[in-house]
Amino acid sequence: MPELPEVEAYRLLAEGALHREIAMVVAPDPWFLKGGIDAGMLDDVLVGRRFVEAGRIGKLLLLPVEHGPVVGIRFGMTGTLVVDGTSGVDGLLYAPRRHEPAWDRFSIGFADGGSLVVRDPRRLGGISLDPATAGLGPDAASLTVAELTAALAGSKAPVKARLLDQSRISGVGNLIGDEVLWRSGLSPQRAAGSLSTDELRTLHGALAEVIADLLARGGSHLGDLMEERHVGGRCPKDGTELVRATIGGRTSWWCPVHQH
DNA sequence: ATTGTGGCCTGCCCGC
DNA sequence: TGCGGGCAGGCCACAA
């Protein structure tokens, strides 16, 4: 499931697609086109032009077009980017290994013969033009302690839910959320606004550490808790059987002994 | 405004 | 062996 590190890997890959003339756009799935756009509009704004930059806010990939709009790409949980046949991440969690041509929801053919393809079996991602970015919180990869504090302050919602709220912090998904809370010794059920200064500092350190770690691994692996997120799974720290609950609409796993 | 819930999508896993 | 229900999670619409 693409969270921030995976999308950053896609962004790096997309840098290889810059400044190349776009010759063709294939967008066969109307469902995948968001915000009232259609294949004809994409043709109009893309063909004959080039991407000039590869940007990212949280899990949103941003590809501005010369003299044109910004193409926004979301990957849902099974989406991957393929440039010139090279996939941004291999072995995406929860996504099938095999490949069906029908899973190519959006493709660009460059005049030089190369291509940029968004492949998404479950169709939870999508393409938009000039996506709104004002409502997104600061990117988790460069989040400061003060920004984290502000994102959590005064809230009675569970801290896990706030971490996943993209309007507060961009880029944290369910698995990174569980991992950083586990490393911080914080229960996902804790009220977000109840964290002490020390706890906020610890949480910020864990978040920075996990994201740096995953970025270094190219987004293809997740943290230490990952393998134990199942029935009967045990805390890698103290061996306690993990507990599970739905928090913020997502399955959370945590250690009832060392996370409070 | 804040917080919670349900639905979307579809491949895969487990139990029958 | 085949079948079907439940599950996965990012994101959005909507409710309270």
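Numbers restart at 1 for each chain; the letters A, B, ... are given by sequence-line order, proteins then strands.
The nearest whole Å value for the distance from the NE2 atom in H230(A) to the C1' atom in dG6(C) is 18 Å. Rounded to a whole Å, the CD atom of E3(A) is 13 Å from the C1' atom of dA8(C). The separation between L164(A) atom CG and dG10(C) atom C1' is 10 Å, rounded to whole Å. Regarding F75(A), its CZ atom lies at a distance of 15 Å from the P atom of dC12(C), rounded to whole Å. If you take NZ of K34(A) and C1' of dC9(B), they are 9 Å apart, rounded to a whole angstrom. Rounded to whole Å, the distance from CE on M77(A) to P on dC9(B) is 15 Å. For the pair L175(A) CG and dA8(C) P, the computed distance is 11 Å after rounding to whole Å. Look at NZ on K160(A): it is 17 Å from P on dT3(B), rounded to the nearest Å.
By the 4.0 Å N-to-carboxylate-O rule, R201(A) lies close enough to D198(A) to be salt-bridged with it. Using a 4.0 Å cut-off between charged side-chain N and carboxylate O, R250(A) and D178(A) make no salt bridge. Ionic pairing of R49(A) and E66(A) is not present here: no N-O contact between side-chain nitrogen and carboxylate oxygen is shorter than 4.0 angstrom.
Counting any heavy atom pair closer than 4.0 Å across all strands shown, R250(A) reaches a base atom. Among the atoms of the strands shown, only primed sugar atoms or phosphate atoms (P, OP1, OP2) are found under 4.0 Å from some heavy atom of G173(A).
Judged purely by atom type and a 3.5 angstrom limit, R11(A) uses its side chain to pair as donor or acceptor with the backbone of A54(A).
Residue R123(A) has a polar side-chain atom (N or O) positioned under 4.0 Å from OP1 or OP2 of dT10(B). Residue R162(A) places at least one side-chain N or O under 4.0 Å from the OP1 or OP2 atom of dT3(B). Of the side-chain N and O atoms in R168(A), one or more sit less than 4.0 angstrom from OP1 or OP2 of dT2(B). Between dG11(B) and W103(A), a contact under 4.0 Å exists linking OP1 or OP2 to a side-chain N or O. Using a 4.0 Å cut-off, no side-chain N or O of T78(A) falls inside it from OP1 or OP2 of dC9(B). An OP1 or OP2 oxygen of dT3(B) is reached within less than 4.0 angstrom by no side-chain nitrogen or oxygen of K156(A). For R74(A) and dC11(C), the shortest distance from a side-chain N or O to OP1 or OP2 is below 4.0 Å.
Along DNA chain B, the nucleotide nearest to D165(A) and the one nearest to W31(A) differ in position, and the one closer to the 5' end is contacted by D165(A).
For the residue pair T86(A) / D84(A), no side-chain donor-acceptor distance below 3.5 Å is found, with atom types taken as modelled.
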